[in-house]
> 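What follows is a structure written as structure tokens; I'll ask about it next.
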Amino acid sequence: MNAERNHFFNDVYEVVRQIPRGRVTSYGAIAAYLGTKGSARMVGYAMNASHLDESIPAHRVVNRNGVLTGKHHFEHPNKMEELLTEEGIRIKGDRIVDFPSVFWDPEKNLYL
DNA sequence: GACATGACGATTT
DNA sequence: GAAATCGCCATGT
């Protein structure tokens with residue numbers, strides 16, 4: 001069948017899996033890394049479907065503000081914040097403290 | 001196939 | 001500096 005159709009989802013999942021522990025990245029960064037093929041929204045959309053795959057640390061993906069926009073899509077709204085805190089990331093409200101410091105850019109750490 | 005929606009982002013008001 | 005607006009494009013109805 002058309003594996004090409006899912007190319008975007010597949011790529012997004014792969015990049016997300018490469019995120020080191022204690023780091024986070026943004027939807028836009030992933031989209032930019034894959035190219036302009038998909039906008040940041042598509043990344044978020046892909047993550048929505050990621051709930052089918054347990055291997056995807058979706059909690060390490062936040063929006064460009066460092067806000068846990070997708071926490072409500074987890075098993076429990078607190079799960080995302082909890083997981084990040086476990087990895088040494090401090091959360092204030094729904095926002096990551098010192099976000100640029102824990103930000104992981106695939107373009108700077110991954111080589112294609 | 002038109003209409004509405006969405007885990008975003010950048011720009012403008 | 002917060003709120004509103006447009007652009008992005010796949011997915012569901």
Side-chain angles (χ1 to χ4, degrees):
Chain A
M1 290 291 269
N2 311 328
E4 259 183 87
R5 276 176 120 86
N6 305 341
H7 69 272
F8 204 83
F9 283 39
N10 201 358
D11 285 348
V12 171
Y13 299 153
E14 201 152 325
V15 174
V16 174
R17 282 182 194 156
Q18 310 310 310
I19 304 175
R21 183 176 170 281
R23 300 273 187 189
V24 294
T25 191
S26 65
Y27 305 94
I30 296 173
Y33 173 70
L34 299 178
T36 53
K37 299 175 182 177
S39 50
R41 261 193 201 176
M42 297 295 86
V43 178
Y45 231 83
M47 299 309 295
N48 195 354
S50 79
H51 82 99
L52 302 172
D53 197 317
E54 305 171 2
S55 313
I56 303 177
H59 61 275
R60 292 182 187 152
V61 185
V62 295
N63 71 352
R64 145 77 182 122
N65 272 314
V67 180
L68 285 52
T69 48
K71 56 182 287 180
H72 293 289
H73 290 262
F74 281 78
E75 307 171 58
H76 300 294
N78 274 25
K79 191 65 179 293
M80 190 174 187
E81 181 177 334
E82 184 179 315
L83 287 168
L84 288 172
T85 304
E86 283 289 308
E87 298 190 355
I89 299 175
R90 279 180 282 179
I91 310 293
K92 185 176 186 179
D94 289 344
R95 194 158 168 192
I96 296 177
V97 177
D98 200 2
F99 175 60
S101 188
V102 294
F103 181 70
W104 181 85
D105 190 342
E107 287 194 288
K108 292 178 182 173
N109 295 277
L110 242 48
Y111 297 97
L112 187 61

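Chain A is the first sequence line, chain B the second, and so forth, proteins listed ahead of strands; every chain is numbered from 1.
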> Suppose the criterion is salt bridge (Lys or Arg N to Asp or Glu O under 4.0 Å): which pairs have a residue in residues 42-62 of chain A, not counting sequence neighbours?
A:Arg17-A:Asp53, A:Arg60-A:Glu87

> Classify the nucleic acid contact of A:Ala58 as base, sugar-phosphate or nothing, counting any heavy atom under 4.0 Å across all strands shown.
base

> Kindly point out which of C:dC8, C:dA10, B:dA10 is positioned nearest to the side chain of A:Phe9?
C:dA10

> Taking only the side-chain heavy atoms of A:Met42 (C-beta and beyond), determine which of C:dC9, B:dA7, C:dT11 contains the nearest atom.
C:dC9

> By the 4.0 Å heavy-atom rule, please label A:Asn48 as base, sugar-phosphate, or nothing.
base

> Starting at CG of A:Asn63 and ending at P of B:dA10, how long is that distance when rounded to a whole Å?
10 Å

> Test of understanding: with ring pair (Phe, Tyr, Trp, His ring centres under 6.0 Å), list the residues that count as partners of A:Phe74, not counting sequence neighbours.
none

> Under 4.0 Å from any atom of DNA chain B, heavy atoms only: list the residues of residues 65-81 of chain A that qualify, in numerical order.
A:Thr69, A:Gly70, A:His73, A:Phe74

> Please state how far atom CZ in A:Arg95 lies from atom C1' in C:dA2, giving the value in whole angstrom units.
13 Å

> Please tell me which of the listed nucleotides, B:dG9, B:dA7, C:dC8, lies nearest to the side chain of A:Ser39?
C:dC8

> Spell out, as yes or no, whether a donor-acceptor pair under 3.5 Å connects the side chain of A:Tyr13 to the backbone of A:Ala46.
yes

> Using a 3.5 Å distance criterion without hydrogens, assess whether the side chain of A:Gln18 forms a donor-acceptor pair with backbone atoms of A:Glu14.
yes

> Tell whether A:Tyr27 reaches the base of B:dA7 with its side chain through a donor-acceptor pair below 3.5 angstrom.
yes

> Which whole-number value in Å describes the distance from A:Tyr45 OH to C:dC9 C1'?
10 Å

> Quick check for you: to the nearest 0.5 Å, what is the distance between A:Glu75 atom CD and A:His51 atom NE2?
11.5 Å

> Roughly how many Å is it from CG in A:Leu34 to P in C:dA10, rounded to a whole number?
13 Å

> Would you indicate whether the side-chain heavy atoms of A:Val16 and A:Ser50 approach each other to under 4.5 Å?
no

